[in-house]
2 protein chains.
Amino acid sequence: MNTVDTRTKILDVAQDLIQRVGVNAMSYRDISEAIGIRNAGVHYHFPTKDGLITALLERYSDDVLSLLDQIIASPESAETKLRRYFALFETTLLSGNQDKACLGGMLGAENESLDAALTEKVANFYRANERRLAVILVEGQQSGAFKFAGDAETMAVLVFSTLQGGMLLSRVKGDGTEYRAILERLVRMLKG
Amino acid sequence: MNTVDTRTKILDVAQDLIQRVGVNAMSYRDISEAIGIRNAGVHYHFPTKDGLITALLERYSDDVLSLLDQIIASPESAETKLRRYFALFETTLLSGNQDKACLGGMLGAENESLDAALTEKVANFYRANERRLAVILVEGQQSGAFKFAGDAETMAVLVFSTLQGGMLLSRVKGDGTEYRAILERLVRMLKG
DNA sequence: GTCTATAGCGCGATAGAC
DNA sequence: GTCTATCGCGCTATAGAC
């Protein structure tokens, strides 16, 4: 059953391509060939490339943050929530057995070559992640599961930095297990 | 006094451009215009783009690792060495008052759109950094300055991940002070 | 909503003069 | 070692038929 509409197919394929090769190495032709229509057909749905990328980031951000909110709202312990957060990026974003970067990380790296309005959207995606991470960290602090000095906000930024850097490094080195090892170690550090 | 030869000028300009906009948004024309020669003049020194990028990464890797070796060989404490390591990426690589990414980070993000041989060179740059970080961490462990559970190798990868992720995030958010805050917090965590 | 066809440009790269 | 000139291609994007 293939009831997915073309607009969604375009977004799916574009996201996959960007996560693999980057924004500037992905073309309308790549997209059109992958879904079996022509160049002009893609332009019908997304007249400009910056518009396509903007729509893509919005969908991605909504999806990830919504999954994150589900994790936060669950009755699990803070430590489990944090692990599920890390697993989200490991499986959903490094999914499909091939090495994919985080869309947010890739757009961040290439952000200076994109529409200026996109920079703020990418930054907001980062901030939204950090805000949710801070909630989990505070919860763990209060329950005694996490023990660390200083404010949870800075720690949340540190955790998100490690997550993003860990994905980058694991992908380049071709060792998918490294990401897990890095964040497992980080959890242990947070537990004190 | 301008005694810098053209080959060096090309490498300097290309590196600056890649650190800002990425490999795939940088062109021979950008380079030639920046140094005041023509497209063909750049091709004389670097016939292919992959060759140029390879030469660039080699120079960059040699420079960074040599500075790192100097830091390690210095009589400073392990904590000071680690701070100097972080400052190296903060000042030398985010230099020139504008937001630049780490060349290694940028090539890592865009690595799937580059010559396959470059992937291994980028990975080796990461590993070389991690190896040196591990030396500093072990030194700090032995002197009692650092206290952490588990092997220094995994911790070195965690530290390098945080450094790379921190540079990415700070750059996108336009807040250069964030990088420093993240790594300052990491140092405090390592001190236990 | 997708097609054919094409405009217009920037790209990496090369030949050959100087 | 840098130049002019150019090739051939891929790109984003658009016009107009179906």
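Lettering follows sequence order; numbering is per chain, from 1. Side-chain atoms are counted along with the backbone in the values below, which use heavy atoms only and exclude waters and symmetry mates.
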Holding to ring pair (Phe, Tyr, Trp, His ring centres under 6.0 Å), I want the full list of residues that pass it with [X], two or more places apart in sequence or in another chain.
{"X": "B:Y28", "value": "B:H43"}
{"X": "A:H45", "value": "none"}
{"X": "A:F125", "value": "A:Y60"}
{"X": "B:F86", "value": "none"}

For atom [atom1] of [X] and atom [atom2] of [N], their distance in whole Å:
{"X": "B:K9", "N": "D:dG1", "atom1": "NZ", "atom2": "P", "result": "13 Å"}
{"X": "B:I10", "N": "D:dG1", "atom1": "CD1", "atom2": "P", "result": "11 Å"}
{"X": "A:R38", "N": "D:dC11", "atom1": "CZ", "atom2": "C1'", "result": "16 Å"}
{"X": "B:I37", "N": "D:dT4", "atom1": "CD1", "atom2": "P", "result": "11 Å"}
{"X": "A:L114", "N": "D:dT12", "atom1": "CG", "atom2": "C1'", "result": "15 Å"}
{"X": "A:N24", "N": "C:dC11", "atom1": "CG", "atom2": "C1'", "result": "13 Å"}

Taking only residues two or more places apart in sequence, or in another chain, which ones meet B:D115 in a salt bridge (Lys or Arg N to Asp or Glu O under 4.0 Å)? none
Listed pairs, N/O of protein and of nucleotides 15-18 of chain C, under 3.5 Å:
none

If a pair satisfies salt bridge (charged side-chain N to carboxylate O under 4.0 Å, His left out) and one of its residues is in residues 29-51 of chain B, list it, with sequence neighbours excluded. none
So B:K173 and B:D99, salt bridge (charged side-chain N to carboxylate O under 4.0 Å, His left out) or not? Walk me through it. CA-CA 10 Å; B:K173 295 199 219 158; B:D99 294 319; over 6 Å; no
Name all pairs fulfilling the ring-ring contact (aromatic ring centres under 6.0 Å, His included) condition that reach into residues 134-153 of chain A, sequence neighbours left out, sorted by first residue then second. none
Does anything in residues 69-79 of chain A form a side chain to side chain donor-acceptor pair (under 3.5 Å)? List the pairs, not counting sequence neighbours. A:D69-A:R132, A:E76-A:R84, A:S77-A:T80, A:E79-A:R83, A:E79-A:K191
Would you jot down, in residue-number order, the residues of residues 25-34 of chain B having a non-hydrogen atom under 4.0 Å from DNA chain C? B:M26, B:S27, B:Y28, B:R29
Tell me, which of residues 41-54 of chain A have any heavy atom that sits under 4.0 Å from an atom in DNA chain C? A:Y44, A:H45
Is any side-chain N or O of B:T6 closer than 4.0 Å to OP1 or OP2 of D:dG1? no
Donor-acceptor pairs are to be reported for all side-chain atoms of residues 156-165 of chain A against protein atoms at under 3.5 Å, with residues two or more places apart or in another chain.
residue, atom, partner, partner atom, Å
A:S161, OG, A:V157, O, 2.9
A:T162, OG1, A:L158, O, 2.8
A:T162, OG1, B:T162, OG1, 2.8

Enter the distance from B:K100:NZ to B:Q15:CD here, rounded to the nearest 0.5 Å. 6.5 Å
